Amino acid sequence: MDKVSQCNSPDYPGTHSVDQAGIIGNKAFTDILLDLVTLNLGTNSFPSSWMHLTQPDLQEITSVLTVNTEFVDWRKFLMVTAMPWPMPLEEELLETLQRFKALDEAQTGTITFEQYKQAGLWFTGDEDIKIPENPLEPLPFNRQEHLIEFFFRLFADCEKDPPQLDYTQMLLYFACHPDTLEGVYRALSVAVGTHIFRQVETPMLTAEKTSISTVSPIEEFPETEESSAKEERELKEEKEERDQKEEEIPENANTEKISMETLLKVFGGGNEVLDANRFASYLKTENIYAENLIKTFQDLGAKNLEPIEVNILLKHPYIQDLIANYVDYKFPDIKMILQRSEHAQGSDGERSPSRLTDEKK
């Protein structure tokens with residue numbers, strides 16, 4: 001996991017293609033993964049299942065993570081490959097958001113690592129770890145504790161001193177869900193700071209049958225059936241709770257206001273690169289939805305783009321269409337690609353590094 005994250009290091013070849021905002025050219029991303037596999041650079045980070053991936057496999061993984069056909073969100077890639085970790089319920093996301101805000105007294109939208117640790121996430125590092133009887137033996141690896149620290153390093157702006165975490169942006173990543181539509185509404189809830197009811201009729205998209213909490217592509221920590229079943233029950237309970245809320249929508253539902261800036265942040269997957277100059281430290285982007293969102297606000301009477309009530313916004317046809325077709329909050333599932341590769345490798349025999357190198361050529 002750490003070695004993959006080094007692709008953002010200035011010492012890694014081709015880093016001019018990596019942007020601190022979280023995007024990297026899809027070809028450069030595939031090449032980095034291929035180098036890690038074929039040149040054995042990933043031996044200490046990748047499990048054996050990754051070492052047998054072919055170039056087409058890596059290209060398929062890239063396509064799952066590609067934004068606007070040209071770029072990959074490398075933060076989402078690292079988040080996915082860090083699985084398994086407890087997937088938060090919407091309620092847990094909102095509770096975590098409120099704890100962050102309570103420590104952000106200046107309301108800057110960012111917090112330090114100390115504040116991050118003080119607030120805590122929806123899970124803790126206090127796992128049920130058995131302490132060795134022999135005091136000379138090392139303590140077992142506390143994976144969840146390391147995950148909590150890793151997530152801060154992944155999403156924080158480490159160029160600032162001390163590093164600052166945009167906590168809303170981080171929680172928007174964790175709003176991702178196997179059900180695409182559910183993910184969008186979770187993201188809207190995080191952005192507004194309270195639960196957003198599905199006030200309009202929107203086509204339901206089929207959820208993935210596989211619980212994402214069982215996906216473990218980068219770490220070989222097998223989950224128990226009991227743990228997997230627990231995660232599936234929680235997801236089912238959340239859906240049942242949401243269904244019940246949909247039937248009992250209060251009269252004052254979704255009266256909170258949302259700004260244009262916040263809406264653009266929610267639909268940040270629409271950011272299109274304007275300048276891909278390889279010498280630029282940051283890629284200049286423009287949100288492809290901005291023009292239509294501005295027109296939508298104006299259609300609804302916000303001529304100066306002042307914040308609009310969510311319930312009014314959700315009734316606009318453009319917003320309904322955008323929500324129904326926006327896929328950036330669908331949790332990427334790369335487990336199927338890894339399983340298929342393992343099956344092929346078991347059938348055909350181990351792929352040699354030379355064969356993979358030929359594929360790269």
Side-chain angles (χ1 to χ4, degrees), residues 1-12 15 18-24 45 65 72-127 129 139-177 186-187 190-191 193 212-213 215-219 221 265-266 268 281-282 328-329 331-332:
M1 192 158 52
D2 286 336
K3 189 156 289 189
V4 177
S5 64
Q6 288 173 5
C7 68
N8 194 33
S9 164
D11 297 325
Y12 194 92
T15 50
V18 179
D19 178 53
Q20 295 290 338
I23 57 176
I24 175 176
S45 298
L65 298 159
V72 167
D73 187 329
W74 56 263
R75 284 195 175 94
K76 184 175 288 186
F77 167 73
L78 292 176
M79 184 180 79
V80 170
T81 53
M83 291 293 286
W85 38 261
M87 180 181 179
L89 301 175
E90 181 187 302
E91 181 181 359
E92 292 173 320
L93 287 173
L94 294 175
E95 290 173 351
T96 304
L97 176 66
Q98 294 308 316
R99 291 197 298 273
F100 286 153
K101 284 185 174 180
L103 294 174
D104 179 20
E105 296 180 357
Q107 297 184 349
T108 61
T110 62
I111 54 175
T112 64
F113 180 67
E114 287 70 23
Q115 292 171 318
Y116 170 82
K117 292 281 285 186
Q118 182 180 344
L121 297 182
W122 52 94
F123 66 97
T124 67
D126 300 326
E127 295 183 276
I129 296 178
L139 293 175
F141 182 72
N142 191 331
R143 186 171 187 274
Q144 292 196 176
E145 183 177 285
H146 283 78
L147 276 172
I148 292 172
E149 295 183 8
F150 170 70
F151 287 149
F152 181 87
R153 290 188 286 117
L154 179 60
F155 296 107
D157 183 353
C158 294
E159 292 191 352
K160 294 184 178 179
D161 187 19
Q164 298 288 320
L165 172 69
D166 182 334
Y167 48 83
T168 301
Q169 188 65 50
M170 184 194 80
L171 293 177
L172 284 176
Y173 274 88
F174 287 104
C176 289
H177 194 275
R186 282 159 59 97
V190 167
I212 67 167
S213 299
V215 181
S216 180
I218 195 72
E219 297 281 358
F221 291 91
K265 196 169 188 178
V266 171
S281 299
Y282 294 91
D328 205 45
Y329 290 108
F331 199 94

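Here the structure is a predicted model, which means the values were calculated and not measured.
Checked by atom type and distance alone, the side chain of Glu149 never pairs as donor or acceptor with a backbone atom of His146 at under 3.5 Å. At least one donor-acceptor pair closer than 3.5 Å links the side chain of Arg186 to the backbone N or O of Phe174.
You'll find the side chain of Arg143 reaches within 4.5 Å of the side chain of Pro84, heavy atoms only. Between Trp74 and Leu154, some side-chain heavy-atom pair lies under the 4.5 Å cut-off. Counting heavy atoms from C-beta outward, Pro162 and Glu114 have side chains that stay 4.5 Å or more apart. Between Gln164 and Ile111, every side-chain heavy-atom pair lies at or beyond the 4.5 Å cut-off. Counting heavy atoms from C-beta outward, Lys117 and Phe152 have side chains that stay 4.5 Å or more apart.
The shortest heavy-atom contact between Pro163 and Cys158 is CB-CA, 4.0 Å. When every heavy atom of Cys176 is checked against every heavy atom of Phe331, the shortest pair comes out as CB-CD1, 3.8 Å. In terms of heavy atoms, Lys76 sits closest to Tyr173 at N-CE2, 4.0 Å. Heavy atoms only, all atoms of each residue included: Thr168 and Lys265 are closest at CB-NZ, 4.2 Å. In terms of heavy atoms, Leu97 sits closest to Gly193 at CD2-CA, 3.8 Å. Nearest heavy-atom pair, Gln144 versus Thr124, reported as atom, atom and distance to 0.1 Å: NE2-O, 2.7 Å.
With sequence neighbours excluded, the residues that form a side-chain contact (heavy atoms from CB on, under 4.5 Å) with Ala191 are Thr262, Val266. Among residues two or more places apart in sequence or in another chain, the salt bridge (charged side-chain N to carboxylate O under 4.0 Å, His left out) test is passed with Asp104 by none. With sequence neighbours excluded, the residues satisfying side-chain contact (heavy atoms from CB on, under 4.5 Å) with Ile148 are Tyr116, Leu121, Phe123. Applying the side chain to side chain donor-acceptor pair (under 3.5 Å) rule to Gln169 yields no partners; only residues at least two apart in sequence or on another chain are considered. Legend: residues meeting ring pair (Phe, Tyr, Trp, His ring centres under 6.0 Å) with Phe100, ordered by chain and number and at least two apart, are Tyr167. Thr96 meets the side chain to side chain donor-acceptor pair (under 3.5 Å) test with Arg99; sequence neighbours excluded.
Interatomic distance, Asp157 CG to Asp166 CG, rounded to the nearest 0.5 Å: 9.5 Å. The distance from the CZ atom of Phe77 to the CG atom of Leu65 is 7.0 Å, given to the nearest 0.5 Å. To the nearest 0.5 Å, the span separating CH2 on Trp122 from CG on Leu171 amounts to 6.0 Å. Rounding to the nearest 0.5 Å gives a distance of 13.0 Å between OG1 of Thr110 and CE of Met170. Put simply, CG on Leu94 and CD on Glu92 are 10.5 Å apart, with the number rounded to the nearest 0.5 Å. Atom CG of Leu147 sits about 12.0 Å away from atom CE of Met79, to the nearest 0.5 Å.
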- Task: Kindly determine whether Trp85 and Phe150 satisfy ring pair (Phe, Tyr, Trp, His ring centres under 6.0 Å), including the steps that lead there.
- Result: CA-CA 12 Å; Trp85 38 261; Phe150 170 70; over 10 Å; no
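In Lys160, the NZ atom is not crowded: 12 or fewer heavy atoms of neighbouring residues, nucleotides or ligands sit closer than 6.0 Å.
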